[in-house]
K.L.:
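Pasting a structure here, questions to come.
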Amino acid sequence: MPKIPPPKGTRDLYPLEAARRRWLSERWRRVAIRHGFEEVDGPTFETTDLYAVKSGEGILGELFQAYSGKDPRDIERIRGGEAAPFAMRPEFTPSLARMYAERARTLPSPCKWFQIGPFFRAERPQRGRLREFLQWNVDVLGLEGGFTTEGTENTEAKARMDAELIACCAGFLKEVGLSSDDVKIHVNDRMMLEEVMRESGVPDVQFDPILAHLDRIGKIPKERWEEEAKALGCPVSLIAWISGEVTAPSTMEQRHESMTHAATTSFRSMDMLRSTLFPLLSDHGLDDDWVFQDVRIVRGLAYYTGTVFEVIADGERAVAGGGRYDNLIELFGGPATPAVGFAMGDVGISLLLQDKGLMPSDTELMEEIGARPDVFVISTYEDLDPLATRLLAMLRREGLHARRSYRATRNEKKLLGEASRPPHNARVAIILDSPTQVTVKDLDAAIQQTVDQTVDIGPGFDDLLTLLAQHHAPRP
RNA sequence: GUGGCCGUAGCUCAGUUGGUUAGAGCACCUGGUUGUGGUCCAGGAAGUCGCGGGUUCGAAUCCCGUCGGUCACCCCA
């Protein structure tokens with residue numbers, strides 16, 4: 001049989017890699033739950049139309065398309081250049097919007113949901129970017145105490161939800177040991193940019209193209225970026241401002257100053273972030289060292305309507321991003337609902353944690369995901385093997401994670417070595433070297449006790465369990 | 001999807017200007033040894049040199065294609 005390699009941009013996860021990914025997703029889940037989010041999930045493939053609803057072209061080309069093969073008309077349509085009826089999900093937001101819209105009336109407000117699962121994009125793979133990856137999605141839908149979409153009084157309520165969301169994201173970063181030296185949360189507000197444009201007389205229809213272009217700063221030569229920005233009708237003052245930030249980022253106060261002089265409306269919007277969101281973030285324990293305004297952050301997606309943010313490591317790599325999308329739920333047939341969310345992929349964050357040496361050791365990893373063996377049973381004589389098997393069965397019935405060796409050797413030293421090293425790293429070894437004697441050895445503490453009792457009858461086994469409990473490291 | 005670089009054992013890599021049966025370390029398996037846990041010794045298994053074609057008396061080595069990885073573009077939900 002010819003070798004069939006895994007598809008491009010996918011991964012085979014061997015035990016250690018699977019353990020690492022499990023560890024990460026457990027941390028995601030733990031942090032989200034701690035912050036009061038509920039777990040949801042949807043299908044891993046959706047009707048293609050679901051993804052056409054919002055931003056069209058950009059996404060459609062990155063879809064892995066799918067069809068059942070049962071309906072010949074599907075194949076005809078695909079041959080005719082149409083999209084297949086289904087698509088592997090490239091993101092969660094459309095599914096989330098649909099789910100929320102479906103039950104909006106009975107859901108709490110705000111509705112705090114998170115999701116963890118695989119996503120698929122038919123892009124060309126690169127380091128930190130695969131075609132199948134795990135993603136953590138966290139969203140706050142609606143505002144506290146009900147809401148209306150219009151009115152500036154909601155501005156503060158929205159900011160409170162923005163802050164909660166960002167706090168959850170930061171909570172994870174802190175949870176895995178990242179410091180504000182490692183990562184920064186760059187925050188911006190699209191409204192502010194739009195107001196600058198509006199004041200300069202830029203027509204509304206140009207907003208999205210200009211914002212999309214602003215997002216490209218730093219990715220193409222500066223001069224070309226400026227020229228193209230001008231061509232799109234972007235105000236010269238805005239170009240100069242953002243462009244200037246690249247070479248010489250200013251402090252909050254300096255920006256505040258310059259905005260004060262630049263325009264009154266812009267000032268109001270600018271001041272909003274400064275006076276509303278950032279104090280709230282500070283209440284959540286996020287000060288200037290963690291979070292700051294960065295006018296360069298725009299986010300490519302057209303559906304963002306207000307706050308946008310990215311978690312950027314070492315000033316380059318973005319490991320998470322999100323923002324406010326107040327129009328999307330309505331677009332999916334739900335009641336007009338302000339919402340804010342972010343996503344983090346497993347690939348980028350894992351690379352970062354590896355680089356920073358923050359990925360736990362193999363033993364810690366197994367410990368944390370509950371895969372570290374409690375007991376490793378060793379029998380040094382063939383005659384004792386049946387006893388060892390009975391002992392394993394009894395231990396497992398007690399709910400203990402018990403393993404044995406499958407080696408041919410009876411060399412006690414080698415078997416102990418095996419028990420205490422990867423991939424086992426057992427906590428305790430039980431050594432059977434006599435039918436009436438059992439030795440319990442704590443492999444972490446390097447202490448052992450020998451008991452003169454057979455273990456496969458009641459009293460002896462109870463004593464053994466007591467002994468094990470004494471040597472047992474508390475479970476996580 | 002477009003272009004540059006890379007591709008030798010599970011992993012990290014050696015392989016001289018193309019020249020016999022392709023090597024090492026780690027890991028794996030077996031046996032021994034050191035008083036029961038990362039020592040030491042001996043042995044073993046493991047590679048169609050990514051795959052396919054071409055040049056040549058002869059290709060891991062040169063050429064083309066292809067697959068995969070990586071970097072840039074694109075995109076970043």
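Numbers restart at 1 for each chain; the letters A, B, ... are given by sequence-line order, proteins then strands.
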K.L.:
Determine whether the aromatic ring centres of residues A:F86 and A:F45 are separated by less than 6.0 angstrom.
P.N.:
yes
K.L.:
Report the distance from atom CZ of A:F342 to atom C1' of B:A77, rounded to the nearest whole Å.
P.N.:
14 Å
K.L.:
Please state how far atom CZ in A:F332 lies from atom C1' in B:A77, giving the value in whole angstrom units.
P.N.:
11 Å
K.L.:
When you compare B:U2 with B:C74, how far apart are their P atoms, in angstrom units rounded to a whole number?
P.N.:
16 Å
K.L.:
Expressed as a whole number of Å, how far does the C1' atom of B:C73 sit from that of B:U12?
P.N.:
32 Å
K.L.:
Can you tell me the base-pairing partner of B:C62? Count Watson-Crick or G-U wobble geometry only, both distances below 3.5 Å, and say none if there is no partner.
P.N.:
B:G54
K.L.:
Take atom C1' in B:A46 and the same atom in B:A24, then report the distance between them in whole Å.
P.N.:
14 Å
K.L.:
How would nucleotides 35-43 of chain B be written as a contact map, 5' to 3', with B for base contact, S for sugar-phosphate-only contact and - for no contact, using protein heavy atoms under 4.0 Å?
P.N.:
-BBBB----
K.L.:
Measure the distance from CZ on A:R407 to C1' on B:A27 and round it to the nearest whole Å.
P.N.:
11 Å
K.L.:
What's the gap between B:G25 and B:U33 when it is taken at their C1' atoms, as a whole Å value?
P.N.:
23 Å
K.L.:
Looking only at atom C1', what distance separates B:G58 and B:G18, rounded to whole Å?
P.N.:
8 Å
K.L.:
By nearest heavy atom, map A:A343 and A:K8 onto RNA chain B; which one lands nearer the 5' end?
P.N.:
A:K8
K.L.:
Scan residues 112-136 of chain A against RNA chain B and write down, sorted by residue number, each residue with any heavy atom closer than 4.0 Å; if none is found, say none.
P.N.:
A:R121, A:E123, A:R124, A:Q126, A:R127, A:R129
K.L.:
Can you tell me, in whole Å, how much space there is between the P of B:G23 and that of B:C64?
P.N.:
30 Å
K.L.:
Let me know the distance between OH of A:Y303 and P of B:C75, rounded to the nearest Å.
P.N.:
16 Å
K.L.:
In whole angstroms, how far is the C1' atom of B:A77 from the CZ atom of A:F45?
P.N.:
20 Å
K.L.:
Relative to the 5' end of RNA chain B, which residue comes earlier, A:N137 or A:R410, by the nucleotide with the nearest heavy atom?
P.N.:
A:R410
K.L.:
Could you give the distance separating B:G15 and B:U34 at their C1' atoms, to the nearest angstrom?
P.N.:
38 Å
K.L.:
Strictly under 6.0 Å, is that where the ring centroids of A:W136 and A:F342 end up?
P.N.:
yes
K.L.:
Taking atom C1' in both B:U66 and B:C29, compute the distance separating them and give it to the nearest angstrom.
P.N.:
37 Å
K.L.:
Counting any heavy atom closer than 4.0 Å, what does A:G9 reach on the DNA or RNA strands: base, sugar-phosphate only, or nothing?
P.N.:
sugar-phosphate
K.L.:
Centroid-to-centroid, A:F309 to A:H186, below 6.0 Å?
P.N.:
no
